S.K.: 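Sharing a structure with you now.
Residue numbers count from 1 along this sequence. All figures in this text were calculated on a predicted structure; none of them were measured in a lab.
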Amino acid sequence: MAVCLWAVELDDTVPEEMVRRMWENLPSRRRARLERQKNGEKALEALAAYWILRRALEEQYHWSGALPPMAWTEEGKPFFPQEPAVYFSLSHTPGGVLAGLSAAPIGVDLERTRPVHPRLLARTGCTGTEDFMASWVRREARAKRLGTPVELGAETPLGPEERLWQEEAFPGYYACACYTECGEPRCFRLRLADTF
């Protein structure tokens, strides 16, 4: 199976029925955490991420119904314990979601362009906002693939099997996927309304 990515722009308004169905789709552990989220925009991002994961699994594996049972590593990386050959990664930021599926460990990150403090530029060795954003999504995607914390400082060289896909997912959004499979990932770009 090739690496598949779903980059989804979030709509300004989401129909109530869609929000209800997204809540029903959430894994119970995530639901309990999200019910405490007071920021509606952040809650919608997380809801949309799991909704897109479910839709991606339908498209790629023809699975139907709810998400398979999920578990989390000690470091917090989610996985499907009953589906060891299916790897996924999720990222969400205000206005967008990125989901990735692979037959091997994968990490994805999506970030909306934002101002960067000069101290953070200095700590990462980046020369400006664009350089930092491109570097940050690489760091996040690589860390997520391994299930490790993001490291600051100079970026380490890619490992012999590490591959990166990096593009602007949509205007103003930096995206990266880190994976080990051969071949170029397929990326589907959608709006959230297209998935309902």
S.K.: Under the criterion salt bridge (Lys or Arg N to Asp or Glu O under 4.0 Å), I'd like the reasoning laid out for Lys77 against Glu74: C-alpha separation, chi angles, the key distance, then a yes or no.
M.R.: CA-CA 8 Å; Lys77 184 175 174 64; Glu74 287 183 17; over 6 Å; no

S.K.: Can you tell me how far NZ of Lys42 sits from CG of Leu44, rounded to the nearest 0.5 angstrom?
M.R.: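 So the CG of Leu44 and the NZ of Lys42 are separated by 12.0 Å.
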
S.K.: I need the minimum non-hydrogen distance between Ser91 and Lys144, along with the two atoms involved.
M.R.: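 Ser91 and Lys144 have their closest heavy atoms at CB-NZ, 3.5 Å.
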
S.K.: Salt-bridge test for Glu167 and Arg189: reply yes if a basic N is under 4.0 Å from a carboxylate O, no otherwise.
M.R.: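 Between Arg189 and Glu167 there is a salt bridge, with a charged N closer than 4.0 Å to a carboxylate O.
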
S.K.: Is the shortest distance from a Lys or Arg side-chain nitrogen in Arg138 or Glu155 to a carboxylate oxygen in the other one below 4.0 Å?
M.R.: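 Salt bridge: yes.
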
S.K.: Less than 4.5 Å apart, side chain to side chain, heavy atoms only: is that true for Val86 and Trp63?
M.R.: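 A side-chain contact exists here, since the closest heavy-atom pair is under 4.5 Å.
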
S.K.: Please find the pair of heavy atoms, one from Ala49 and one from Leu90, that lie closest to each other, and give the distance.
M.R.: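 Looking at all heavy atoms of both residues, the shortest contact is O-CD2, 3.7 Å.
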
S.K.: Just by distance, with hydrogens left out, do Thr180 and Glu162 show a side-chain donor and acceptor under 3.5 Å apart?
M.R.: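 Short answer, no.
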
S.K.: Run the ring-centre check on Tyr87 versus Phe80 and record whether the distance is less than 6.0 Å.
M.R.: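 Not close enough - the centres of the two rings lie 6.0 Å or further apart.
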
S.K.: Give me each pair satisfying salt bridge (charged side-chain N to carboxylate O under 4.0 Å, His left out) with a member in residues 15-26, each pair once, sequence neighbours excluded.
M.R.: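 Residue pairs passing salt bridge (charged side-chain N to carboxylate O under 4.0 Å, His left out), neighbours aside: Glu17-Arg20, Arg20-Glu24.
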
S.K.: Apply side-chain contact (heavy atoms from CB on, under 4.5 Å) to the pair Tyr50 and Met70, showing each step before the final yes or no.
M.R.: CA-CA 11 Å; Tyr50 284 93; Met70 295 175 74; 3.7 Å; yes

S.K.: Does Ile52 reach the side chain of Leu192, with side-chain heavy atoms less than 4.5 Å apart?
M.R.: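 Yes - at least one pair of side-chain heavy atoms lies under 4.5 Å apart.
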
S.K.: Please report the C-alpha distance between Val3 and Trp165 in whole Å, then the side-chain angles of each, then the deciding distance to 0.1 Å, and finally whether the side-chain contact (heavy atoms from CB on, under 4.5 Å) criterion is met.
M.R.: CA-CA 10 Å; Val3 173; Trp165 169 93; over 6 Å; no

S.K.: Applying side-chain hydrogen bond (donor to acceptor under 3.5 Å, both in side chains), can you list everything that pairs with Trp51, at least two apart in sequence or on another chain?
M.R.: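 Partners of Trp51 by the side-chain hydrogen bond (donor to acceptor under 3.5 Å, both in side chains) criterion, ordered by chain and then number, come out as Thr195.
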
S.K.: Would you please test Thr127 and Leu121 for side-chain contact (heavy atoms from CB on, under 4.5 Å) and show each step?
M.R.: CA-CA 7 Å; Thr127 57; Leu121 292 176; over 6 Å; no

S.K.: Identify the heavy atoms of Pro27 and Trp72 that sit nearest to each other, and give their distance.
M.R.: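 Minimum heavy-atom contact is CB-CH2, 4.2 Å.
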
S.K.: In terms of hydrophobic clustering (I, L, V, M, F, W, Y; side-chain heavy atoms under 4.5 Å; direct or indirect links), are Leu57 and Phe196 co-clustered?
M.R.: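 Cluster IDs for Leu57 and Phe196 match.
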
S.K.: Determine whether Thr156 and Arg142 satisfy the following criterion, side-chain contact (heavy atoms from CB on, under 4.5 Å), listing intermediate values before the conclusion.
M.R.: CA-CA 10 Å; Thr156 57; Arg142 293 178 71 194; 3.4 Å; yes

S.K.: Applying salt bridge (charged side-chain N to carboxylate O under 4.0 Å, His left out), name anything that partners Glu45, two or more places apart in sequence or on another chain.
M.R.: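 None.
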
S.K.: Hey, any chance Val108 and Val137 share a hydrophobic cluster, counting ILVMFWY side chains that come within less than 4.5 Å of each other, even indirectly?
M.R.: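 Each belongs to a different hydrophobic cluster.
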
S.K.: Restricting to non-hydrogen atoms, name the atom on Leu110 and the atom on Ala169 that form the minimum distance, rounded to 0.1 Å.
M.R.: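 Minimum heavy-atom separation between Leu110 and Ala169: CD1-CB, 3.8 Å.
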
